[in-house]
Amino acid sequence: MKQNIYDDPEFFQMYHKLRQTRVTYNDFIEQPAIKRLLPELKDLKVLDLGCGFGELAKYCVDQGAQSVHGIDISKQMLSIAHKDPRITYHCMAMEDLFFERGAFDLIVSSLAFHYVENFKELMMNISNWLTVNGYLVFSTEHPVVLSRKEQSGWIENSDREKLYWPIDHYGEEGIREQFWGVEGVIKYHRKLSTLINTLLENDFMIERMEEPESTPEGLSKMPKLINERRRPSFLLIKAKKKMWVTKVKAEH
């Protein structure tokens, strides 16, 4: 299933207005963390999967990347994405992409992989598209956030104070449906072990993982972000592509 919720007019209006405030989880938690994980960008050929408004793509070329291919399924997002001659945008699902082997030095993805149903196939493709010693850097919603089938948020008392975050159905991977501005937003829960093992099975070495907390500015502007110490919203992984391995079917 390839849901394009970002082209839903009601959802897009909500999301665009939210991001314009510059007072979001993205601004104070996820984006600072993913930028810390990026390698030296000078002269790199970059693929940005789920590029949205092109903010990370623009950051990459501003930091010296040779070129960026930005991929997003949403026409609405790409219609207002940052324009730059070094950035080429493609409106399509990342699952439908084709690139030559070793086409990119770096593949990045900001909070998009949890919308993809077949994570294993995507990682096989990404491994093929990366050059040897190239990097994959991505963020996704944390498995503890997406695990519970009833995506109802924090358990609160009668005074609306957050008591705890419920974790349930952790081992039951698959679709999670939630309300986020509109009903019926589809995401996919995967165990941490599934994420890690899928990378290892596709010739990646894990260099770093982060479960980031807010920047000081974020805590000042959004005091509720202190709760990231109780339950992380995001998981970020930096992985390096090893030597290509030609897999030959064993003969019996």
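All residue numbers in this chain count up from 1 along the given sequence. Note that the structure is predicted; figures quoted are calculated from it, not measured.
- Scored by the side chain to side chain donor-acceptor pair (under 3.5 Å) test, Thr88 finds no partners at all (sequence neighbours excluded).
- Under a 4.0 Å N-O distance rule, the pair Asp203/Lys240 does not qualify as a salt bridge.
- Judged by distance alone, the side chain of Arg230 and the main-chain N or O of Lys162 form a donor-acceptor pair under 3.5 Å.
- Shown here for Glu117 and Glu95, the closest heavy-atom pair between the two residues is N-OE2, 4.5 Å.
- Residues satisfying the side chain to side chain donor-acceptor pair (under 3.5 Å) test with Ser139, not counting sequence neighbours, are Glu30.
- Within the cation-pi definition used here (under 6.0 Å to the ring centroid, within 45° of the axis), Lys35 qualifies as a partner of Tyr59.
- Other residues, nucleotides and ligands contribute only 12 or fewer heavy atoms inside 6.0 Å of the CZ atom of Arg229.
- Summarising the geometry of Phe53 relative to His16, their closest heavy-atom pair is CZ-CD2, 3.8 Å, with the distance given to 0.1 Å.
- Side-chain atoms of Leu195 and Pro143, non-hydrogen and from C-beta on, do get closer than 4.5 Å to each other.
- Shown here are the side chain to side chain contact (heavy atoms under 4.5 Å, CB included) partners of Ser193, two or more places apart in sequence or in another chain: Lys191, Asn197.
- For the atom pair SG of Cys51 and OH of Tyr89, the computed distance is 6.0 Å after rounding to the nearest 0.5 Å.
- Note that CG of Asp62 is 9.0 Å distant from NE2 of His82, once rounded to the nearest 0.5 Å.
- Taking the side chain as every heavy atom from C-beta outward, His142 and Glu211 approach each other to under 4.5 Å.
- Atom CD of Glu173 sits about 13.0 Å away from atom OH of Tyr188, to the nearest 0.5 Å.
- Residues Met222 and Phe234 share a hydrophobic cluster, clusters being chains of Ile/Leu/Val/Met/Phe/Trp/Tyr side chains in contact below 4.5 Å.
- For Phe28, there are no ring-ring contact (aromatic ring centres under 6.0 Å, His included) partners at least two apart in sequence or on another chain.
- Nearest heavy atoms, Met94 versus Ala112: CE-CB, 3.8 Å.
- Comment: Glu55 engages Arg19 in a salt bridge, judged by a side-chain N to carboxylate O separation of less than 4.0 angstrom.
- Within a 6.0 Å sphere centred on CD of Gln20, other residues, nucleotides and ligands contribute more than 12 heavy atoms.
- Contact record, Lys2 with Ala93: CD-CB, 3.9 Å, taken as the closest heavy-atom pair.
- Considering every non-hydrogen atom in both Arg190 and Asn118, the closest pair reads NH2-N, 4.2 Å.
- When all heavy atoms are compared, the tightest approach of Val145 to Trp165 is O-CZ2, 3.7 Å.
- Rounded to the nearest 0.5 Å, atoms CG (Asp105) and CD (Gln66) are 8.0 Å apart.
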For Lys238 and Tyr135, what are the C-alpha separation, side-chain angles and deciding distance, and is it a side-chain contact (heavy atoms from CB on, under 4.5 Å)?
CA-CA 7 Å; Lys238 178 180 183 178; Tyr135 281 98; 3.5 Å; yes
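- Under the 4.5 Å side-chain heavy-atom criterion for ILVMFWY residues, no single connected hydrophobic cluster contains both Leu78 and Tyr15.
- Judged purely by atom type and a 3.5 angstrom limit, Arg86 uses its side chain to pair as donor or acceptor with the backbone of Val61.
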Counting only pairs under 3.5 Å, give me each side-chain donor-acceptor contact of residues 37-46, with atom names and distances, residues two or more places apart or in other chains.
unit_1: Glu40; atom_1: OE2; unit_2: Lys42; atom_2: N; d: 3.2

Please list, one pair per line, the donor and acceptor atoms closer than 3.5 Å that link side chains of residues 174-186 to other protein atoms, with sequence neighbours excluded.
unit_1: Arg176; atom_1: NE; unit_2: Leu146; atom_2: O; d: 3.0
unit_1: Arg176; atom_1: NE; unit_2: Ser147; atom_2: O; d: 2.8
unit_1: Arg176; atom_1: NH1; unit_2: Glu172; atom_2: O; d: 3.3
unit_1: Arg176; atom_1: NH2; unit_2: Ser147; atom_2: O; d: 2.8
unit_1: Arg176; atom_1: NH2; unit_2: His169; atom_2: O; d: 3.4
unit_1: Arg176; atom_1: NH2; unit_2: Glu172; atom_2: O; d: 2.5
unit_1: Gln178; atom_1: OE1; unit_2: Lys187; atom_2: NZ; d: 2.8
unit_1: Gln178; atom_1: NE2; unit_2: Gln151; atom_2: OE1; d: 2.8

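- Listed for the Thr131 side chain is no donor-acceptor partner under 3.5 Å among the backbone atoms of Gly134.
- Gln63 CD: more than 12 foreign heavy atoms inside a 6.0 Å radius.
- Neither Tyr25 nor Leu18 shares a network with the other; the hydrophobic side chains, linked directly or stepwise wherever heavy atoms of I, L, V, M, F, W or Y lie under 4.5 Å apart, form separate groups for each.
- Looking at residues two or more places apart in sequence or on another chain, you find a side chain to side chain contact (heavy atoms under 4.5 Å, CB included) between Ala33 and Arg36, Glu210, Pro212, Leu236.
- Linking Ile, Leu, Val, Met, Phe, Trp and Tyr residues whenever their side-chain heavy atoms come within less than 4.5 Å leaves Leu47 and Leu111 in two separate clusters.
- No side-chain donor from either of Ser233 and Glu141 sits under 3.5 Å from a side-chain acceptor of the other.
- Residue Asn26 holds its CG atom at 10.5 Å from CD1 of Ile34, rounded to the nearest 0.5 Å.
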Start with the C-alpha gap between Ile237 and Thr140, add the side-chain angles, then the distance that decides, and say whether side-chain contact (heavy atoms from CB on, under 4.5 Å) holds.
CA-CA 9 Å; Ile237 297 177; Thr140 185; over 6 Å; no
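- Without hydrogens or angle criteria, Asp8 side chain to Phe11 main chain gives a donor-acceptor distance under 3.5 Å.
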Let me see the working for Leu136 and Lys241 under side-chain contact (heavy atoms from CB on, under 4.5 Å), right down to the final yes or no.
CA-CA 8 Å; Leu136 168 64; Lys241 172 66 184 294; over 6 Å; no
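- A distance-only check finds a donor-acceptor pair linking the side chain of Thr198 to the backbone of Thr194 [under 3.5 Å].
- The side chain to side chain donor-acceptor pair (under 3.5 Å) search around Thr24 returns Asp27, not counting sequence neighbours.
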Stepwise side-chain contact (heavy atoms from CB on, under 4.5 Å) check, Phe113 with Ile126
CA-CA 12 Å; Phe113 286 171; Ile126 287 175; 3.8 Å; yes
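- Residues passing the ring-ring contact (aromatic ring centres under 6.0 Å, His included) test with His69 are His90, Phe99, Phe104, sequence neighbours excluded.
- Annotation: side chain of Gln13 is not in contact with side chain of Pro9 (no heavy-atom distance under 4.5 Å).
- Put simply, CG on Asp48 and CD1 on Ile87 are 8.5 Å apart, with the number rounded to the nearest 0.5 Å.
- The side-chain heavy atoms of Leu106 and Val108, taken from C-beta on, include a pair separated by under 4.5 Å.
- Summarising the hydrophobic clusters (Ile, Leu, Val, Met, Phe, Trp, Tyr; side-chain heavy atoms under 4.5 Å, direct or chained), the residues clustered with Met205 are none.
- The shortest distance between side-chain heavy atoms of Lys120 and Met124 does not fall below 4.5 Å.
- Using a 4.5 Å heavy-atom threshold, the side chains of Met92 and Ile71 count as touching.
- Put simply, Leu56 and Val68 are part of the same group of oily side chains (I, L, V, M, F, W, Y) that touch within less than 4.5 Å, one to the next.
- Residues Leu163, Tyr164 make up the rest of the hydrophobic cluster containing Ile155, defined by ILVMFWY side-chain heavy atoms closer than 4.5 Å, directly or through other members.
- By the side chain to side chain contact (heavy atoms under 4.5 Å, CB included) test, Asn4 pairs with Tyr6, Asp7, Ile73, Ser74, sequence neighbours left out.
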